[in-house]
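Every heavy atom of this structure was used, including side-chain atoms; hydrogens, water molecules and symmetry mates were not.
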Amino acid sequence: MGSLWKTSLSLFALFILAFIVVGFLLPRENNFHVTKSVQCSQDRAFTMINELKNWETWSPWQEYDPNMKLNYSKISSGKDAWYTWDGNMDVGKGKLTILDCKVNEKINMVLNYGDERPANCSFTLKPVAEGTKITWSMDIHGSESAIFSKFLNGYKYVMMKHFLGKYFNRGLDNINKSCP
């Protein structure tokens with residue numbers, strides 16, 4: 001029985017060491033971008049994003065909890081507009097605030113999600129032949145601890161890229177469907 005215990009402990013230690021080493025080798029980018037061209041005018045695309053109440057028609061998370069509770073600030077578009085949500089396990093709870101915007105060009109936001117550190121988000125809009133090219137970005141903030149951030153941020157980036165990528169694409173597809 002002692003040999004089995006030593007083997008198990010050795011395998012566990014090897015797993016932990018491999019986890020740390022792989023974490024050091026993963027990319028540690030702090031931002032994540034999804035770009036998509038949509039078949040609508042720059043003005044319409046801007047309105048779909050800048051007016052926070054419009055998010056109910058295109059947000060990919062709305063599909064995961066159509067019964068989530070939403071609260072809006074007195075102004076629901078432009079600088080300082082915000083909304084909060086409280087939903088099921090799939091969407092959690094948080095707050096999104098517009099920090100600033102430049103009409104038909106860019107919207108900068110901050111996302112507070114649960115106990116995570118705030119994330120900066122932005123939408124950049126550029127006219128293209130087939131409509132508008134929208135780039136949805138999120139700056140992912142790593143761990144405050146230098147030791148943990150060295151290897152955990154790599155895992156966080158890979159998970160965000162995998163999970164957020166499909167949600168961002170879904171949201172931009174929904175904006176495309178919502179545009180006349």
Kindly determine whether Glu105 and Thr124 satisfy side chain to side chain donor-acceptor pair (under 3.5 Å), including the steps that lead there.
-> CA-CA 6 Å; Glu105 291 182 28; Thr124 305; over 6 Å; no
Would you sort out whether Lys133 and Thr135 count as a side chain to side chain contact (heavy atoms under 4.5 Å, CB included), showing the intermediate values?
-> CA-CA 7 Å; Lys133 178 175 135 185; Thr135 302; 4.2 Å; yes
Please examine the side chains of [Y] and [X], heavy atoms only from C-beta on, and report whether any two atoms are closer than 4.5 Å.
X: Ser122; Y: Met109; answer: no
X: Leu111; Y: Met138; answer: yes
X: Phe123; Y: Ser137; answer: no
X: Asn120; Y: Val110; answer: yes
X: Arg44; Y: Val38; answer: no

Considering all heavy atoms of both residues, which atom of [X] and which atom of [Y] are nearest to each other, and what is their separation?
X: Ser178; Y: Trp58; result: OG-CB, 4.3 Å
X: Pro60; Y: Gly171; result: CD-CA, 3.7 Å
X: Phe46; Y: Ile107; result: CE1-CG1, 3.5 Å

Side chain to side chain contact (heavy atoms under 4.5 Å, CB included) evaluation trace for Ser76 with Glu51 | CA-CA 6 Å; Ser76 59; Glu51 171 54 62; 2.6 Å; yes
Are Trp61 and Tyr72 connected, step by step, through hydrophobic side chains (Ile, Leu, Val, Met, Phe, Trp, Tyr) whose heavy atoms are closer than 4.5 Å?
-> yes
Report whether Val103 and Ile75 are members of the same hydrophobic cluster (ILVMFWY, side-chain heavy atoms less than 4.5 Å apart, transitive linking).
-> no
Would you say the side-chain atoms of [X] pair up with the backbone N or O of [Y], donor to acceptor, closer than 3.5 Å?
X: Trp85; Y: Val91; result: yes
X: Thr132; Y: Cys40; result: yes
X: Gln62; Y: Glu56; result: no

Are the aromatic rings of Tyr167 and Tyr64 close, with centres under 6.0 Å apart?
-> yes
Report yes if the distance between the aromatic ring centroids of Trp55 and Trp82 is under 6.0 Å, otherwise no.
-> no
Apply side chain to side chain donor-acceptor pair (under 3.5 Å) to the pair Glu63 and Asn174, showing each step before the final yes or no.
-> CA-CA 11 Å; Glu63 298 170 15; Asn174 289 344; 2.8 Å; yes
What is the distance from atom [atom1] of [X] to atom [atom2] of [Y], rounded to the nearest 0.5 Å?
X: Lys79; Y: Asn108; atom1: NZ; atom2: CG; answer: 10.5 Å
X: Asp80; Y: Ser77; atom1: CG; atom2: OG; answer: 11.5 Å
X: Met48; Y: Ile134; atom1: CE; atom2: CD1; answer: 9.0 Å
X: Asn71; Y: Thr84; atom1: CG; atom2: OG1; answer: 4.0 Å
X: Asn112; Y: Thr97; atom1: CG; atom2: OG1; answer: 6.5 Å

In sequence, state the C-alpha distance, the side-chain angles, and the governing distance for Ile98 and Asn50, and then conclude on side chain to side chain contact (heavy atoms under 4.5 Å, CB included).
-> CA-CA 8 Å; Ile98 298 176; Asn50 189 54; 3.6 Å; yes
Please confirm whether Lys53 makes a cation-pi placement over Tyr83, using NZ or CZ under 6.0 Å from the six-membered ring centre and within 45° of the ring normal.
-> no
Between Asn54 and Ile49, is a side chain to side chain contact (heavy atoms under 4.5 Å, CB included) present by the stated rule, with each step listed?
-> CA-CA 7 Å; Asn54 286 337; Ile49 300 164; over 6 Å; no
